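Below is one structure, written out as structure tokens; comments come after it.
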Amino acid sequence: MSTDKEWQQEQQRVDDVTTKLNRRISGLEAQVGSVRGDVVEMRKEFWEEVTMNFSEADDVGETSTSMRQQSQVLNEREHSHRMAAESLGRMRRLRQSPYFGRIDFAEDGEPAEAIYLGIASFLDEDEQTFLVYDWRAPISNLYYDSTPGPASYETPSGEISGDITLKRQYVIRDAKIRFMFDTGVTIGDELLQAVLSRSSDAQMKSIVATIQKEQNRIIRNDRTRMLIVQGAAGSGKTSAALQRVAYLLYKYRDQLKADQMVLFSPNPMFNSYVSTVLPELGEENMLQTTYQEYLERRLGREFAIEDPFVQIEYVLSKNEEPGYESRMGGIRYKSSEAFVSVINAYKTLLESEGMIFKPVRFQGKVVVSAEEMKTEFYSYDSSIRLANRLELLKEWMLKELSRFGKGEVDAEWVDRTIDVMDTEDYQRAYNRLRRKKKGKAETFDDFQQEREILARMVVSDRLKPLRKWIKAQRFVNITKLYGELFRSDALFRKLSGQEQLPAWWGEMSRQTLARLEQGEMAYEDTTPFLYLKEIMLGFRTNTNIRHVIIDEAQDYSPFQLVFFKRLFPRAKITALGDFNQAIYAHSSALQKSGPLANLYGPEQTELISLTRSYRSTCEIVDFTRGMVEGGEEIVPFNRSGEKPRVLEVRDTEALQRSIAADLQALQKEGYESIAVICKTADESAEVHQALGGMLETAPRLIKKTTLAFEKGVHIIPAYLAKGVEFDAVIIYNGSSASYSRESERKLFYTACTRAMHLLHIYSVGALSPFIAKLQPELYEQSAVEV
């Protein structure tokens, strides 16, 4: 432990650094204000100073040169302002807490140097001495990975060896040291205890002061193409991934920008939850989206697309409906690598037979028939790729349309259209004539010439949508081609190589075709349909994206991961997930030897497992890990609290009254973020309405469209609670009637693991077997009489 004298010395250093920070901030504020004033004034005077004279060629040249010079000066000043403003932001963040760690490192043959770590670098006034090192700097790795004694770290010029003689941690708030202790391990439990004992926040916070050794491996891994992080609930997967983004932006700042990185998150609310982490570290936010948003952009104009939340609602609540088992079989199959192989084989087959086209029609006339298109398509050399043959077909069709248009010029409908043309249309025709005669014509020479120009214009305008339609290759009937896979059993047998069709195949095929005919698309069909479309028409790859972060990767199917690989051909992928939270009906891509690990092969893939859970108390982790296979490997962090409480009530009315009383008591005790977790959205809506009349402040109903996460009482479906945490969690009805099917085990586990400090599970009637089979000493059980 540090002495009082050391504490005083350390506080004096904090005071000195803070004083220098304040001086730097004052200087930057003046610089930012001055440069901002210059930029505003330059923008204001820009057009006034530039003489706009286009009457003579020489004047045009002078004007262009002047504008270019002024623009360059303005760009330089704006860049200077932006850099000063970014530096000012970093210094202001440092002022509140200049640093969080110190290591004294003696390089071989050199005296020890005190290295202080913070969220950004800060140089002394001599511009050479580091008062604070950025946590991402190479030397900072010693703090996260090494203990006192011999140590080394990698730099661009090679390995540096030496000895760590001291390792110290701080909690500094408002420039005052609140905690300070020396440690012989990577990050001391004292600091983690201080951080984890707080209430949950409405938004995720940076963890740079508490990064653990295994998390540091994730953050600084820049070798492998695919980094898979399999982590227990609350193990810090997402936090580590976001610090990883900040680290990569720092290390490759000359080559990598924030808009070249994209995060695929589980729902829109999660985007809000993590949106402050990177700005807190002085970095711009990367692109954030959901896979559903991508699908809507690509297919939303053609179909009413089911989202994954509607699909899971069906899975959870419609198990008694006819056709349920068939759809479950279809969901599993359409999400599999086997179906990828079928579609790849289908594309190969279509190169020689089976293409389906839409005829080009105009005002009831067939311009190009589907049969003519098919004949033309298969007349091309078979060695030409399918996508390239479709390009050739497109060019041929545009010529056919042009030829058709010439024949329509003398049609009666054209004269009728000309008769009702307004003055504006005549003016357009006249302007075309002027351009044709290079500005010499002032009037139409004769009626025939006038009629010819107007007729061509009318036909061209009317055929414009068709030209656009052809250029977009809408003539390829992808919907019918996809449907053919389910319409023809013989075709499917041929492509799959299976003589025996699955028992559920017939009903599943009928369901699929019925939806397509109604302009609808089930969630399990979206990726296969889009994949077929892309491999036929040419994949729309995104080569600008260099890093893809996939959160909740266990909820993606093997098929979706194959699609990601094609979509981002130049990107490295970081996939984060927990197989024990794979709640969707399809098979999960996140398996130790599964599709995700095989995507780029073993040489380009690294798997890091996080088994220590930091979110919940020991008691909650001990309770929840017994619910899932392999749960014994989950290690709770040493933070104690109450045992989970299991409360049995006689009926729904008693359940709701008990929960209302529980919520009021928890709020009085100071719990700021409380979730009542229900099984489905329908149940959540019913509970929200019921509890709203029993509480002083109405709880907040979380829907799939909710964009922001806030403190307070939330009513939320279990599948939307993924990735976020709450001070206290109340499971609305953990009975056997609600959670008993094996397919619901991981959903129940996910719901219970959202709790940081307190977990209460209510049950109407018999308990869920996922609780009943646990050791009784892991929880407190009681009956509630209301």
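Below, each value reflects all heavy atoms present in this structure, side chains not excepted, and no hydrogens, waters or symmetry copies. Only a predicted model underlies this, so the values are computations on that prediction, with no experimental measurement involved.
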N/O donor-acceptor pair under 3.5 Å between Arg244 side chain and Asn221 backbone
yes

Is Arg220 close enough and on-axis enough to Tyr144, meaning under 6.0 Å and within 45°, for cation-pi?
no

Asp126 backbone acceptor or donor facing Asp124 side chain under 3.5 Å:
no

Give a yes or no on whether the backbone of Ala571 and the side-chain of Arg225 come within a donor-acceptor separation of less than 3.5 Å.
yes

Grab the two heavy atoms, one from Pro636 and one from Asp622, that are nearest each other, plus how far apart they are.
CG-OD1, 3.9 Å

Could you tell me which non-hydrogen atom of Ser265 sits nearest to which non-hydrogen atom of Tyr556, and how far apart they are?
O-OH, 4.5 Å

Heavy-atom closest pair, residues Trp7 and Ile177
CZ2-O, 3.4 Å

Search all heavy atoms of Ser140 against all heavy atoms of Leu117 and return the closest pair with its distance.
CB-CD2, 3.5 Å

Any donor and acceptor pair, going by atom type alone, linking the side chain of Arg639 with main-chain N or O of Arg615 inside 3.5 Å?
yes

With no hydrogens and no angle check, is any side-chain donor or acceptor of Lys237 less than 3.5 Å from a backbone partner on Ala575?
no

Determine whether a donor-acceptor pair (N or O, by modelled atom type, separation under 3.5 Å) exists between the side chain of Arg217 and the backbone of Lys213.
no

Check each of Arg168, Lys5, Arg178 against Glu10 using the salt bridge (Lys or Arg N to Asp or Glu O under 4.0 Å) test, and report the only one that passes.
Arg168

Within 45 degrees of the ring normal and closer than 6.0 Å to the centroid, is that where the cationic atom of Arg625 sits relative to Phe623?
no

Which residue is it: Arg136, Arg90, Lys251? I am looking for the one with a salt bridge (Lys or Arg N to Asp or Glu O under 4.0 Å) to Glu283.
Arg136

Applying side chain to side chain contact (heavy atoms under 4.5 Å, CB included), run through Leu287 and Ile545 and close with a yes or a no.
CA-CA 10 Å; Leu287 303 173; Ile545 297 297; 3.9 Å; yes

Can the ring centroids of Phe564 and Tyr291 be said to lie less than 6.0 angstrom from one another?
yes

Is the side chain of Ser613 donor-acceptor paired with the backbone N or O of Ala233 at a distance under 3.5 Å, no angle test?
yes

Between the side chains of Gln11 and Asp15, is a donor N or O closer than 3.5 angstrom to an acceptor N or O?
yes

Return yes if some donor-acceptor pair links the side-chain N/O of Thr165 with the main-chain N/O of Asp104 below 3.5 Å, else return no.
yes

Distance-only donor-acceptor check, side chains Ser609 and Thr611, under 3.5 Å:
no

Are more than 12 heavy atoms, taken from residues, nucleotides or ligands other than Glu603, located less than 6.0 Å from that residue's CD atom?
no

What class does the angle between the rings of Tyr153 and Phe105 fall in, given that below 30° is parallel, 30 to 60° is tilted and above 60° is perpendicular?
perpendicular

Is the side chain of Gln230 donor-acceptor paired with the backbone N or O of Phe579 at a distance under 3.5 Å, no angle test?
yes

Which is it for Gln581 and Tyr749 under the side chain to side chain contact (heavy atoms under 4.5 Å, CB included) test, yes or no, and what are the steps along the way?
CA-CA 7 Å; Gln581 296 182 63; Tyr749 170 78; 4.0 Å; yes

Start with the C-alpha gap between Tyr116 and Tyr170, add the side-chain angles, then the distance that decides, and say whether side chain to side chain contact (heavy atoms under 4.5 Å, CB included) holds.
CA-CA 10 Å; Tyr116 289 83; Tyr170 314 85; 3.3 Å; yes

Is the backbone N or O of Ser152 less than 3.5 Å from a side-chain atom of Ser161, with the two atoms forming a donor-acceptor pair by type?
no

